[in-house]
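The figures that follow rest on heavy atoms only: side chains count, while hydrogens, waters and symmetry mates do not. Just so it is clear, the structure is predicted and the values come from calculations on it, not from any experiment.
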Amino acid sequence: EIIRMSLVRAHFCEKISMQRKDKENPPKAFLTGMLSLLDGILDHELHTLLAILPIHEEIKSALIEGDNYLAEYLVMAKNIEAGNWQATSELAKKLSIENSICNDAHKSAIQWADEMLTCQS
């Protein structure tokens with residue numbers, strides 16, 4: 001389930017990045033979502049794992065400090081997971097994205113993650 005959630009977050013963050021027309025950053029957004037649960041997958045502290053891995057500083061900052069646009073995409077994914085619709089709506093407004101687009105992106109991400117895991121069976 002934790003792998004599935006990582007995949008959902010990754011695809012969701014990527015879709016939000018594309019929606020916002022980030023030029024080079026959909027891959028960074030994808031990786032941010034994918035690595036957001038790395039500590040749970042590998043059972044080590046996230047900051048320790050990120051210190052070892054050659055990952056772009058923006059991604060590390062998003063995951064550890066939570067202080068950039070990539071972190072905002074991840075926070076939105078977490079808010080949707082938790083059913084925190086008020087916070088999701090406020091962040092969507094801040095990012096100039098319609099709520100329906102966020103919801104569609106999350107539904108699409110769930111479907112995509114399930115398809116990826118089905119391919120592995």
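Atom CG of Leu31 sits about 10.0 Å away from atom OG of Ser36, to the nearest 0.5 Å. To the nearest 0.5 Å, the span separating NZ on Lys15 from NZ on Lys107 amounts to 13.0 Å. For the atom pair CG (Leu70) and SG (Cys13), the distance works out to 8.0 Å, reported to the nearest 0.5 Å. Note that NZ of Lys93 is 13.0 Å distant from CD of Glu98, once rounded to the nearest 0.5 Å. Note: Glu57 CD to Lys60 NZ = 5.0 Å, rounded to the nearest 0.5 Å. Distance CG/Leu42 to CG/Asp39: 8.5 Å, rounded to 0.5 Å.
In the hydrophobic clustering of ILVMFWY residues, with side-chain heavy atoms under 4.5 Å counting as a link, Leu35 and Leu37 come out together. Linking ILVMFWY side-chain heavy atoms closer than 4.5 Å, directly or via other members, places Val8 and Leu38 in two distinct hydrophobic clusters. Note on Met18 and Val75: separate hydrophobic clusters, where clusters join Ile, Leu, Val, Met, Phe, Trp and Tyr whose side-chain heavy atoms are under 4.5 Å apart, directly or indirectly.
Counting only N and O atoms by type, the side chains of Tyr69 and Arg20 include no donor and acceptor under 3.5 Å apart. Side chains of Tyr73 and Asn68: a donor-acceptor N/O pair is absent below 3.5 angstrom, by distance only.
The shortest distance between side-chain heavy atoms of Leu74 and Leu63 falls below 4.5 Å. With contacts defined as side-chain heavy-atom distances shorter than 4.5 Å, the pair Ser17/Lys28 does not qualify.
The two residues Ala10 and Met34 make their nearest non-hydrogen contact at CB-N, 3.5 Å. Listed here is the closest heavy atom pair of Ile97 and Ile16: CD1-CG2, 3.6 Å. Closest of all the heavy-atom pairs between Glu58 and His56 is N-ND1, 3.0 Å. Between Ile80 and Trp85, the closest heavy-atom pair is O-CH2, 3.7 Å.
Residues passing the side chain to side chain contact (heavy atoms under 4.5 Å, CB included) test with Lys94, sequence neighbours excluded: Glu72, Leu91.
Ser6 places a side-chain N or O within donor-acceptor distance of the main-chain N or O of Ile2, the cut-off being under 3.5 Å.
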Requested in this report: Step by step, work out the salt bridge (charged side-chain N to carboxylate O under 4.0 Å, His left out) result for Arg4 and Glu1.
Outcome: CA-CA 5 Å; Arg4 180 180 178 271; Glu1 188 60 29; 3.3 Å; yes
Name each donor-acceptor pair under 3.5 Å that joins a side chain in residues 45-55 to protein atoms two or more places apart or in another chain, with its distance.
none

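Taking a cutoff of 4.0 Å between a charged side-chain nitrogen and a carboxylate oxygen, Glu81 and Lys78 do not qualify as a salt bridge.
Using bins of under 30°, 30° to 60° and over 60° for the plane-to-plane angle, the ring pair Phe12/His106 lands in the perpendicular bin.
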